[in-house]
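The sequence lines fix the lettering, A, B, ..., with proteins before strands; numbering per chain opens at 1. Everything quoted here is computed from the prediction, not taken from an experiment.
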2 protein chains.
Amino acid sequence: MPDTLQAAARAPKDRQAQIADTARALLDAEGPQALTMRRIAGALGIKAPSLYKHVPDKAALEALVVAAGFAELASTLAAAAADGAGHADGPGKLAAIASAYRAYAVARPHLYRLMTQQPLRRDLLPAGLEARAAQPLAEAAGYDEARARAMWAFAHGMVSLEIDGRFPPQADLDQAWRAGLAAFAPPGATQRKIAED
Amino acid sequence: MPDTLQAAARAPKDRQAQIADTARALLDAEGPQALTMRRIAGALGIKAPSLYKHVPDKAALEALVVAAGFAELASTLAAAAADGAGHADGPGKLAAIASAYRAYAVARPHLYRLMTQQPLRRDLLPAGLEARAAQPLAEAAGYDEARARAMWAFAHGMVSLEIDGRFPPQADLDQAWRAGLAAFAPPGATQRKIAED
DNA sequence: GTCTATACCCGGATAGAC
DNA sequence: GTCTATCCGGGTATAGAC
């Protein structure tokens with residue numbers, strides 16, 4: 001996506017956000033090997049040393065990308081939760097969140113890995129952002145922390161194995177998701193629905 | 001563990017296995033940054049170019065390490081399954097496998113990542129090894145592939161988030177494991193046990 | 001806020017002598 | 001099967017001019 005890249009490099013935002021957007025576009029398009037100071041600077045039409053006038057070091061630059069990713073994910077999940085609530089209060093909402101989570105990760109595997117496969121630099125993240133991203137799932141888990149963490153692990157595991165190409169080629173991933181979601185669905189939620197009919 | 005390293009470098013096996021063992025010890029001790037041809041050769045008391053007389057390239061060397069890891073994991077899980085069967089056929093076996101899986105990964109996080117966070121080079125893996133490692137879980141899932149994949153995803157997600165330091169510091173991981181295992185336990189397995197008493 | 005020049009580190013891999 | 005010498009690539013980051 002050179003269009004995305006050029007758009008990010010041209011946008012008239014403050015320079016830090018512009019740098020983060022460019023880095024993100026580069027990461028999406030070419031993966032982590034492309035996330036170097038030279039490449040990012042090049043995409044912005046400047047030289048690598050100039051970046052250090054706007055960002056202290058590479059870790060800070062990556063933190064900007066990660067933070068933007070979590071903000072985006074939080075919005076996506078919140079929208080999915082609101083949408084899923086309309087259908088069938090119980091399992092519909094959880095399924096909607098799961099589906100949005102998977103879609104987010106699969107569409108940007110490199111960013112997803114950057115966001116999840118290393119210790120979170122919470123000191124470089126806007127306050128409350130992590131909680132905002134976790135909120136929809138926390139609510140779907142009835143604010144049971146252990147349950148929420150188990151559900152998150154399931155989703156993260158499914159997504160990680162998918163984007164890392166670990167499932168056999170012919171594996172039916174939709175079916176695996178359904179099996180997991182059924183296991184985690186509030187006991188009786190589906191059955192009650194059926195019994196009522 | 002310099003002892004492990006020296007032992008690996010001295011063992012009188014064929015040279016390929018010796019190289020793989022040394023690489024593995026280096027990986028366990030210092031992480032992936034240490035897994036370079038120069039470092040591995042150095043630990044063996046030779047120079048980097050000499051390695052190419054025994055291994056075609058670095059990818060092949062890594063494949064040897066990964067293969068050894070899966071053989072080890074397969075044995076560990078099989079033993080845990082046999083052990084867990086003794087207690088309470090249903091949930092006891094699954095819990096035993098999960099516990100062994102977690103212990104394996106947490107004890108060697110760098111190796112676990114090397115084994116799971118990249119596409120599996122099945123062409124460089126001994127035939128049947130992947131299936132052997134998956135067998136205990138497949139059986140515990142009643143040979144329901146979707147269910148087995150969901151359970152694997154849960155376990156992989158829990159382990160990945162733990163070794164990547166993503167859970168909040170005060171999170172109770174044992175409780176999260178119990179919540180997940182309870183969700184995946186064959187419906188009625190625990191209840192039946194309780195009802196029988 | 002950008003540049004050039006550069007320091008300093010690292011990596012995988014090959015050629016050819018012994 | 002080991003060595004030395006080397007190629008060729010890459011990375012983060014700083015100094016100092018403009």
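- In this structure, B:E62 places its CD atom 13 Å from C1' of C:dG11, rounding to the nearest Å.
- Computed from coordinates, the A:I40 CD1 to D:dT12 P distance equals 8 Å when rounded to whole Å.
- Distances from the side chain of B:P49 to the nucleotides C:dC3, C:dT14, D:dT2 place C:dT14 closest.
- In this structure, B:L51 places its CG atom 13 Å from P of C:dT14, rounding to the nearest Å.
- For B:R15, a side-chain nitrogen or oxygen approaches OP1 or OP2 of D:dT2 to under 4.0 Å.
- Defined by atom type and a distance below 3.5 Å, a donor-acceptor pair is missing between the side-chain atoms of B:R132 and B:Q135.
- Checked against D:dC3, C:dT4, C:dT14, the side chain of A:K47 finds its nearest nucleotide in C:dT4.
- Taking CD1 from A:I163 and OG1 from A:T116, the interatomic distance works out to 6.5 Å, rounded to the nearest 0.5 Å.
- Between B:F167 and A:W152, the gap from one ring centroid to the other is short of 6.0 Å.
- When the side-chain nitrogen and oxygen atoms of A:S50 are compared with OP1 and OP2 of C:dC3, one or more of them lie within a distance under 4.0 Å.
- Scanning residues 53-61 of chain B for heavy-atom distances under 4.0 Å to DNA chain D yields B:K53, B:H54.
- Spacing between atom CE of B:M37 and atom C1' of D:dT2 amounts to 15 Å, rounded to whole angstrom units.
- A donor-acceptor pair shorter than 3.5 Å cannot be found between the side chains of B:R178 and B:Q175.
- Here the straight-line distance linking atom CG of B:L35 with atom CD of B:E30 works out to 10.5 Å at 0.5 Å rounding.
- A straight line from OH of B:Y52 to C1' of C:dG11 spans 9 Å, rounded to a whole angstrom.
- If you measure from atom CD1 of A:I19 to atom C1' of C:dG1, you get 11 Å, rounded to the nearest angstrom.
- Evaluation of the ring-ring contact (aromatic ring centres under 6.0 Å, His included) test over residues 99-144 of chain A, restricted to residues two or more places apart or in two chains, returns A:Y101-A:Y112, A:Y112-A:H156.
- Residue A:I46 is the one, among A:I46 and A:R38, whose nearest nucleotide of DNA chain C lies closer to the 5' end (criterion: closest heavy atom).
- As rounded to whole Å, 18 Å separates atom P of D:dG11 from atom CD of B:Q33.
- Within a 6.0 Å radius of CD in B:E72, more than 12 heavy atoms belonging to other residues, nucleotides or ligands are found.
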